[in-house]
Amino acid sequence: MPDKKNFYERVYEVARQIPYGRVTSYGAIARAIGAAKSARMVGFALKNSPNDVPAHRVLNRNGVLTGKHHFPGTDLMQQLLENEGLQVIHDQVQDFEKFFWDPQTDS
DNA sequence: TGAGTGACTGTAA
DNA sequence: CTTACAGCCACTC
């Protein structure tokens, strides 16, 4: 059951591997850590994520900034993504599939 | 110990 | 093609 404790760490580990200017989905991370059904928990973990984890690069499978409201400020998440060269409109990442990064592929 | 909730996803209509 | 419903796991009260 120590593996359960690793759940958070695994999420952080994968999130930390997200390249600059790239984004991924909660389900992708969940699968990468072997908890495909716990995509929701991934978001929960990111909420508790340390500052060295780019949680702003993690969106839902639709490319929408679902957790933007959980970030400090109002548009911090969007600002961060735009700062990385991504185009965010209406809390939605344009060409999400194009910027999508699969942790398992590790491209 | 039990019940409720959530930064989601996949399938159905 | 878009919108709606149900399921799932882990965590908190």
Side-chain angles (χ1 to χ4, degrees):
Chain A
M1 69 160 261
D3 286 9
K4 300 251 188 118
K5 191 188 161 200
N6 284 340
F7 184 87
Y8 271 54
E9 300 214 4
R10 301 234 184 178
V11 175
Y12 303 149
E13 225 176 307
V14 176
R16 253 179 293 210
Q17 287 167 51
I18 303 175
Y20 180 93
R22 284 282 173 81
V23 290
T24 187
S25 62
Y26 303 95
I29 295 175
R31 274 182 199 241
I33 66 180
K37 320 294 184 114
S38 310
R40 292 170 131 174
M41 255 284 74
V42 175
F44 212 98
L46 288 173
K47 247 167 70 178
N48 283 281
S49 65
N51 38 329
D52 62 309
V53 177
H56 63 269
R57 290 184 193 153
V58 186
L59 323 170
N60 69 348
R61 83 160 199 95
N62 213 11
V64 183
L65 283 53
T66 47
K68 139 177 173 148
H69 240 244
H70 291 254
F71 269 78
T74 4
D75 299 330
L76 177 60
M77 190 175 183
Q78 180 172 334
Q79 293 300 315
L80 287 169
L81 289 170
E82 288 185 338
N83 186 35
E84 301 205 352
L86 291 170
Q87 192 176 17
V88 183
I89 302 176
H90 199 71
D91 300 342
Q92 236 173 252
V93 176
Q94 306 305 298
D95 302 312
F96 172 69
E97 305 178 21
K98 194 168 136 186
F99 289 103
F100 183 82
W101 174 80
D102 191 337
Q104 290 191 316
T105 307
D106 199 315
S107 345

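These figures come from a predicted structure and were not determined experimentally. Naming: A, B, ... by sequence-line order, numbering from 1 per chain.
- Rounded to a whole Å, the OH atom of A:Tyr8 is 9 Å from the C1' atom of C:dT12.
- Applying the side-chain hydrogen bond (donor to acceptor under 3.5 Å, both in side chains) rule to A:Asp91 yields the partners A:Lys68; only residues at least two apart in sequence or on another chain are considered.
- Using a 4.0 Å heavy-atom distance criterion, A:Arg57 is classed as making no nucleic acid contact.
- Distance NZ (A:Lys47) to C1' (C:dC11): 10 Å, rounded to an integer number of Å.
- The separation between A:Lys37 atom NZ and B:dG6 atom P is 22 Å, rounded to whole Å.
- Rounded to whole Å, atom P of C:dC8 lies 15 Å from atom CZ of A:Arg31.
- Going from atom CZ of A:Arg40 over to atom P of B:dG4 covers 15 Å, rounded to whole Å.
- Counting non-hydrogen atoms of other residues, nucleotides and ligands closer than 6.0 Å to CD of A:Glu13 gives a total of 12 or fewer.
- Donor-acceptor pairing under 3.5 Å, judged by distance alone, is absent between the side chain of A:Arg61 and the base of B:dC8.
- Within the 4.5 Å cutoff, side-chain heavy atoms of A:Phe100 are placed close to those of A:Thr24.
- Across C:dC11, B:dT9, C:dC9, the shortest atom-to-atom separation from the side chain of A:Ser38 is found for C:dC9.
- A straight line from CG of A:Asn6 to P of C:dC11 spans 11 Å, rounded to a whole angstrom.
- Taking both residues in full, the closest heavy atoms of A:Phe96 and A:Arg61 are given as CE2-O, 3.6 Å, listed atom of the first, atom of the second, then distance.
- Across all strands shown, A:Ala55 has heavy atoms under 4.0 Å from base atoms, whether or not it also approaches the sugar-phosphate.
- Within residues 68-95 of chain A, the residues approaching DNA chain B are A:His70, A:Phe71, by heavy-atom distance under 4.0 Å.
- Contact annotation: A:Arg10 side-chain N/O to C:dA10 OP1/OP2 distance is not under 4.0 Å.
- In this structure, A:Phe100 places its CZ atom 9 Å from P of B:dT9, rounding to the nearest Å.
- With C:dC8, B:dA7, C:dC11 as the choices, the nucleotide that has an atom nearest any side-chain atom of A:Tyr26 turns out to be B:dA7.
- In this structure, A:Asn48 and A:Tyr12 have side chains that are in contact, with non-hydrogen atoms separated by less than 4.5 Å.
- The CE atom of A:Met41 sits 10 Å away from the C1' atom of B:dT5 (whole-angstrom rounding).
- Of the candidates A:Phe44, A:Phe7, A:Tyr26, A:Ser38 forms a side-chain contact (heavy atoms from CB on, under 4.5 Å) with just one, namely A:Phe7.
- Side-chain proximity of A:Thr66 to C:dC8, B:dA7, B:dG6: nearest is B:dA7.
- Residues A:Leu59 and A:Met77 meet the side-chain proximity criterion, which asks for heavy atoms closer than 4.5 Å.
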